[in-house]
Amino acid sequence: MAADKVDPIHQFHITKLVPINLGHYDVSFTNSSLFMAATVIVATLFLVMASSGRSMVPNRWQLVAEMSYSFVANTLRDAAGKAGMQFFPLVFSLFMFVLVANLLGMIPYFFTITSHIIVTFCLAMLVISTVVIYGIWKHGFHFFGLFVPSGVPAALVPLVTMIEVISFLSRPISLSVRLFANMLAGHITLKVFAGFVVTLSAAGVAGMAGSVLPLAMAVALTALEFLVAFLQAYVFTVLTCMYLNDAIHPGH
Amino acid sequence: MASNVNTTAEVQHAGAEHGGAFPPFDSSTFASQILWLAITFGLFYVLMSKVVLPRIGGILEARHDKIAKDLEEANRLKADSEAAGAAYEKSLAEARQKAQAIASETRSALNASLDAKRHEAEAGLSAKIAAAETTIAGIKAKALAEVDGIATETAETLVSTLTGESISRSDVAAAIAAVTAK
């Protein structure tokens with residue numbers, strides 16, 4: 001990428017590394033696939049190696065692994081109660097996957113898989129379909145009581161039910177768009193400010209002096225993006241726990 | 001998004017060279033992403049639920065059990081030490097009581113034997129005093145008995161020496177008896 005051609009969208013392009021075609025579908029192994037695999041490998045290796053000591057008094061790596069375990073376990077238990085713990089592997093996998101994917105994306109030149117809506121939408125649909133399938137399997141028709149809050153006057157029931165259905169249907173969208181948009185916007189902003197630095201510096205001494213401001217912004221935004229990377233993984237996890245709670249306890 | 005990029009003077013829109021569409025909305029890549037996400041996330045889920053989570057959970061469980069066991073052990077030891085302390089106090093009190101009993105017993109035994117010895121000694125002394133008194137009384141009586149004889153003799157000698165005439169002893173004795181009887 002030339003200095004006079006800073007393109008903040010370029011980082012989101014998907015390039016085929018190993019072209020694969022299945023029937024009509026193009027399922028090539030791309031840079032996105034590579035970073036999905038990297039996310040799995042990094043997260044798994046970290047957790048396995050950190051817990052390899054199995055020591056009674058943990059060292060700092062084991063402590064991080066234990067803290068992420070307890071953190072997700074407490075979040076899930078607070079939101080969905082003891083019965084929610086059967087979904088612990090799913091919630092923990094989602095949290096670690098999103099967190100590690102977001103953090104890997106913070107490394108320069110690395111691809112951010114969560115900046116693609118289809119990835120976050122698939123993860124959101126995984127959560128929502130788990131909620132719906134478990135809810136119906138466990139509670140049968142009672143599960144739809146979720147849409148009819150108790151204590152509502154009969155005249156208002158159709159309206160409230162409609163609102164509840166719409167809010168339920170918008171969950172996967174809000175869940176996926178929130179994560180996707182945060183990662184996308186953050187990375188674009190970062191790139192734009194970093195681009196300012198490059199283009200201003202190319203414009204001579206005055207430009208170099210002027211580039212101090214966008215450079216400071218880029219540094220500050222990097223810190224902010226690390227916060228966002230963690231926060232969005234947490235928000236995704238908390239909302240997952242709350243939706244799972246609906247599946248376990250559908251009554252309002 | 002494209003308009004946002006175009007309004008930024010320094011940044012040129014270069015999407016055209018990659019085929020136009022904004023990458024996250026380029027549906028031609030969706031199939032690949034969905035498939036690889038399913039593969040990688042599925043693998044990740046299996047790894048987490050079969051390997052990592054049982055492992056970390058086991059570590060936490062073991063620590064929790066160990067702490068609970070240690071606390072229980074500590075409580076048991078504390079109860080033991082308290083019981084030992086109580087037993088010690090009890091035996092100490094018993095020993096003190098026993099010591100006092102022995103002391104008072106010894107004291108009374110000593111007193112009794114001392115009293116006995118003193119009584120014995122006093123009895124011996126009284127006997128000796130009584131004997132001495134009888135001896136003194138005997139000597140005194142004897143002496144007193146001799147006093148009359150001596151007095152008679154002395155009076156007789158005095159009379160005979162002074163008067164030159166002898167008087168019968170019986171007269172003298174009668175005279176002395178008359179004097180002493182007064």
Side-chain angles (χ1 to χ4, degrees), chain A residues 1 4-10 12-14 16 20 22 25-30 32-33 36-37 39-40 43-44 47-48 50-51 54-56 58 62 65-66 68-70 73 88-90 92-94 96-97 113 115-119 122-123 126 180 184 188 191-192 195-196 198-200, chain B residues 1-70:
Chain A
M1 202 189 303
D4 62 336
K5 248 191 172 201
V6 179
D7 177 11
I9 305 301
H10 178 82
F12 303 114
H13 274 287
I14 287 179
K16 292 177 194 177
I20 303 168
L22 262 180
Y25 297 105
D26 172 18
V27 292
S28 309
F29 189 83
T30 62
S32 173
S33 321
M36 290 176 189
T39 302
V40 170
T44 309
L47 290 170
V48 166
S51 61
R54 292 169 188 268
S55 39
M56 207 42 85
Q62 190 181 325
E66 285 174 10
S68 39
Y69 181 102
S70 325
F88 181 55
L90 174 68
F92 186 80
S93 303
L94 280 170
M96 284 312 286
F97 191 80
I113 56 177
S115 66
H116 276 252
I117 181 115
I118 188 69
V119 171
C122 283
L123 293 176
L126 174 66
F180 150 74
L184 183 81
I188 289 176
K191 190 74 173 205
V192 167
F196 281 157
V198 176
T199 38
L200 277 175
Chain B
M1 202 47 73
S3 65
N4 175 28
V5 172
N6 285 335
T7 54
T8 313
E10 285 84 358
V11 178
Q12 293 180 12
H13 184 244
E17 70 184 63
H18 293 286
F22 181 55
F25 299 142
D26 180 1
S27 60
S28 70
T29 64
F30 284 4
S32 152
Q33 291 198 68
I34 294 172
L35 178 75
W36 287 103
L37 178 67
I39 293 172
T40 51
F41 189 76
L43 178 71
F44 190 63
Y45 179 82
V46 171
L47 283 171
M48 287 301 112
S49 58
K50 298 286 174 229
V51 182
V52 170
L53 294 179
R55 194 155 145 161
I56 300 178
I59 294 172
L60 293 175
E61 184 92 346
R63 179 174 312 135
H64 187 264
D65 287 354
K66 170 100 171 100
I67 290 171
K69 219 173 73 189
D70 284 1

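Chain letters run A, B, ... following the sequence lines, proteins first, then strands; residues in each count from 1. Remember, predicted model here, so these are calculated numbers, not experimental data.
With hydrogens and angles ignored, the 3.5 Å screen pairs a side-chain donor or acceptor of Trp36(B) with a backbone N or O of Val27(A). When atom types are taken as modelled, the side chain of Ser32(B) and the backbone of Ser28(A) share a donor-acceptor pair closer than 3.5 angstrom.
Contacts of Leu53(B) with chain A are made by both backbone and side-chain atoms, with heavy-atom separations under 4.5 Å. With a 4.5 angstrom heavy-atom cutoff, Phe12(A) touches chain B via backbone and side-chain atoms both. Heavy-atom distances place the side chain of Phe180(A), and not its backbone, under 4.5 Å from chain B.
Across Ile9(A) and Pro23(B), no two heavy atoms sit closer than the pair CG2-CD, 3.4 Å. The two residues Gln33(B) and Ser32(A) have their closest heavy-atom pair at OE1-OG, 3.5 Å. Closest approach of Arg63(B) to Ser55(A), counting heavy atoms only: NH2-O, 3.4 Å. Of all heavy-atom pairs spanning Ser28(B) and Asp26(A), the tightest one is O-OD2, 4.4 Å. Closest non-hydrogen pair, Pro24(B) versus Ser115(A), comes out as CG-O, 3.7 Å.
Each of Leu126(A), Leu90(A), Leu94(A) was compared with Tyr45(B) under the side-chain contact (heavy atoms from CB on, under 4.5 Å) criterion, and only Leu90(A) meets it.
To the nearest 0.5 Å, atom CD1 of residue Ile59(B) and atom CD of residue Glu66(A) are 6.0 Å apart. Once rounded to the nearest 0.5 Å, the distance linking OH of Tyr25(A) with CG of Leu35(B) reads 11.5 Å. From Met56(A), atom CE reaches atom CG of Asp65(B) across 8.5 Å, with rounding to the nearest 0.5 Å.
In terms of non-hydrogen atom pairs under 4.5 Å with chain B, the most contact-rich of Thr30(A), Ile20(A), Thr44(A) is Thr44(A). Between chain A and the residues Met48(B), Lys50(B), Arg55(B), the largest count of heavy-atom pairs under 4.5 Å involves Arg55(B).
Looking at heavy atoms from C-beta onward, Phe44(B) lies out of side-chain contact with Thr39(A) at the 4.5 angstrom threshold. Side-chain contact between Leu47(B) and Val40(A) is present, with at least one heavy-atom pair separated by less than 4.5 Å. Considering only heavy atoms from C-beta on, Leu37(B) comes within 4.5 Å of Leu123(A) through its side chain.
Annotation: salt bridge (Lys or Arg N to Asp or Glu O under 4.0 Å) contacts of Lys66(B) (sequence neighbours excluded): Asp70(B).
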